[in-house]
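Down below is the structure, laid out as structure tokens.
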Amino acid sequence: MDYLCHMLQRKTRVRFAPSPTGGLHLGGVRTALFNYLFAKRHQGEFILRIEDTDQSRFVPGAEQYILDSLRWCGLEPDESPEQGGPFGPYRQSERKALYRQQAERLVASGHAYYAFDTPEEIEAMREHWRTEEDPSPQYGQRLRMHMRNSLTLPSEEVQALLQSGHPCVIRLRMPADEVVGFEDMVRGHVEFQTAQIDDKVLLKADGMPTYHLAVVVDDYHMHITHAFRGEEWLPSAPVHLLLWKYLGWAEQMPQWAHLPLILKPDGHGKLSKRDGERLGFPVFAMDWRDPASGEVTRGFREMGFLPEAFVNMLALLGWNDGSGQEIFSLGELVATFSLDRVHKGGARFDFEKAKWYNQEWIRRTANQQLLPLADSVFRDHGIDVDPARLAEAIPLVKDRCILLTDFIPQAAFLFRAPLAWDKPSIAAKWNPQRQRFFLDWTEELAAGHGEWTATTLEQSFQAAATAAGIKAGELQLPLRIMLVGGKYGPPVFTIAALIGQRETYARIRRALQELDAGT
RNA sequence: GGCCCGUUGGUCAAUCGGUUAAGACGCCUCCCUUUCACGGAGGAAUGAGGGGUUCGAUUCCCCUACGGGCUACCA
């Protein structure tokens, strides 16, 4: 009972534990997001732990990238390698001693053993025992007595090998015939037969722990209460459960939740970086530059996504609140998120839907807030914009933008003359009379056009058209193309009003020349 | 091959035994607009198959099929 009370009062602590091997994948961000939402929903803590136990896969810069990506998404950890915390270090490579100590403890209690087999010997074993029914024989209860380990070798020899510095790993000794089950927070009861599971390596020859040992040792020491990870980890859950038990920490074991996978939009399997390249959409949160190859993989951020949209989209991939609401701010997600509404099946990633979320978020984001973002998009494209004019432009074009980068095609013409014109569309409505009209009207503009507003301009245009005996509507499209370059954008006279008298005149005259040259 | 998880329209998905099986994306039609969008109205499109349980199954159980994951001294 005391214990129960203690458990109930335990502060919620979850961790996101990526390994720094490259860019942060969509699925990784979603796992981080679900962790974050759950933690905040329960007034708990969200911890970032770097799982860098595989030295061969370490990629410089990846850790910083992860930190930056989480920050961009608004998922700030409460404890991390960067800011530290009461249960650090938060990088597994810096906690090395901890793992050996626990692994030795398992050897002492008989739940683990030393194994001296070389990779070649293990390969030979697989070769030897391979059959059609068992294409990949496991180092486990059936075969471990045929291998070189502290279970088969005399203890003097084990001691000698240990002292000689012979490469040695520590393996978990899987019990012969037990059923290991648990309640998964998204899947319900799940169980496994230990007979099917091999003797997992716990401590590698280089002294580093494998994931299996590291997760449980760290989750224990960091007082993690709930552990969420992708479904690909489900088959190794029994290994972890047993470890919690053998280490004597079963009472403190976190509750597990295995999240559904994010699948390829087409074909089969889980979404990978390659799919994005193949299908033309980002998979990483932000641009990732591989330090070895120099190759850059596009990210959602650089492609023009708002972090709010990215996060919103990710949250709804595998979760919904049942109400039909689809647009959620991070705060709203925190308020409504619950694990029991997480879908069990994997979800195909749909870039079209992702874009829709972004479009919605651009529309909902305050113009004031959009200003610096649009400004930097223009800057990145080498277009100098007047902030005051940009501020006027944003409400005019935001509804037409799906990505932030759409501000370029949708508004660049407000800052510089078009580089090309949709001439065929003018040609369809062109004749000498109309050309004459534009010559005359620009003349009139140059002569001085009182108040320069969309309304007065439209009036003068109308009047001139009527005087020339042409329907104004027939002239509007040509005018638009002269000013904008194509058939898009806000109302023409609003554009003319914004770019000013001089520029309007110049663009029409320039386009007229261009048209002459073209005919 | 073995083990585990999953399966409602093209996609994301609601439904927690009784519904005309929501909603959204995308697609199509129309309206608004002499641009493009936005917006509005409408449309096509879903319970993998077979057994049970039940007065009644999309919903519960079993089998099959299909999909996915794992099967490393990677995470």
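Quick note on labels: first sequence line is chain A, next is B, and so on, each numbered from 1. Keep in mind that the numbers below use all heavy atoms, side chains included, and drop hydrogens, waters and symmetry copies.
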Does OP1 or OP2 of [N] have a side-chain N or O of [X] closer than 4.0 Å?
X	N	value
A:Ser56	B:C74	no
A:Lys264	B:G68	no
A:Ser136	B:A72	yes

Is there any salt bridge (Lys or Arg N to Asp or Glu O under 4.0 Å) pair reaching into residues 197-216 of chain A, and which pairs are they, with sequence neighbours excluded?
-> A:Arg144-A:Asp199, A:Asp198-A:Lys200
Aromatic plane relationship, [Y] with [X] - under 30° parallel, 30 to 60° tilted, over 60° perpendicular:
X	Y	result
A:Phe438	A:Phe461	tilted
A:Phe34	A:Phe337	tilted
A:Phe228	A:His226	tilted

For the side chain of A:Glu133, counting heavy atoms from C-beta on, which of B:G1, B:U35, B:C73 is nearest?
-> B:G1
Please tabulate the protein-to-nucleotide N/O contacts below 3.5 Å involving nucleotides 59-66 of chain B, giving atom names and distances.
none

Identify, with sequence neighbours excluded, every residue that meets salt bridge (charged side-chain N to carboxylate O under 4.0 Å, His left out) alongside A:Lys344.
-> none
Determine the contact category for A:Lys355: base if any of its heavy atoms lies under 4.0 Å from a base atom, sugar-phosphate if only primed atoms, P, OP1 or OP2 are that close, otherwise nothing.
-> nothing
Which part of the nucleic acid does A:Asp54 contact within heavy-atom distance under 4.0 Å: base, sugar-phosphate only, or nothing?
->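 Result for A:Asp54 = sugar-phosphate.
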Secondary structure of RNA chain B per the Watson-Crick/G-U criterion (both distances under 3.5 Å; [ ] crossing, | other strand, . unpaired) is (((((((..(((.....[....))).(((((.......)))))....(((((..]....))))))))))))....
Under the ring-ring contact (aromatic ring centres under 6.0 Å, His included) rule, collect the residues that match up with A:Phe407, sequence neighbours excluded.
->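 Counting only residues at least two positions away or on another chain, A:Phe407 forms no ring-ring contact (aromatic ring centres under 6.0 Å, His included).
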Interatomic distance where CG belongs to A:Asp399 and C1' belongs to B:U35 [whole Å] |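 Spelled out: CG on A:Asp399 to C1' on B:U35 is 15 Å.
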Protein proximity profile, nucleotides 3-14 of chain B - base contact B, sugar-phosphate-only contact S, no contact -, cut-off 4.0 Å on heavy atoms | SSBS----SSSS
